[in-house]
Amino acid sequence: MRYTEINLLGVYVAPIAPMIVAAWAVMIPLRRVADRFGLLRHVWHPALFLFAVYLILLSAIVLLAGGSLP
């Protein structure tokens, strides 16, 4: 897949922008589940851990969109 700009009502948006929003939308329920079960109490730095999980999600979405993952 070629990453090209997305025409959104006449405004060209970088292809990473919807992927960032998608990763954020997936991250919200994951964070709520982690808070519900108290999983973040076992992490040294919860904000850093959540940021790392967000980057992993974003990387997976980019790889899926690019066709690099099966």
Practice task
Answer whether the closest heavy-atom distance between the side chains of Ile6 and Tyr12 falls below 4.5 Å.
Solution key: no
Practice task
With sequence neighbours left out, write down each residue that passes side-chain contact (heavy atoms from CB on, under 4.5 Å) with Phe49, or none if nothing qualifies.
Solution key: Leu40, Val43, Val53
Handout entry: Member of Leu58, Leu50, Ile56 meeting the side chain to side chain contact (heavy atoms under 4.5 Å, CB included) criterion with Met27
Key = Leu50
Tabulate below the donor-acceptor pairs under 3.5 Å that side-chain atoms of residues 28-36 make, not counting sequence neighbours, or state none.
none

Problem - Within one Ile-Leu-Val-Met-Phe-Trp-Tyr cluster: Trp24 and Met19, side-chain cutoff 4.5 Å - result: yes
Handout entry: Ile16 with Ile61, same ILVMFWY side-chain cluster at under 4.5 Å
Key = yes
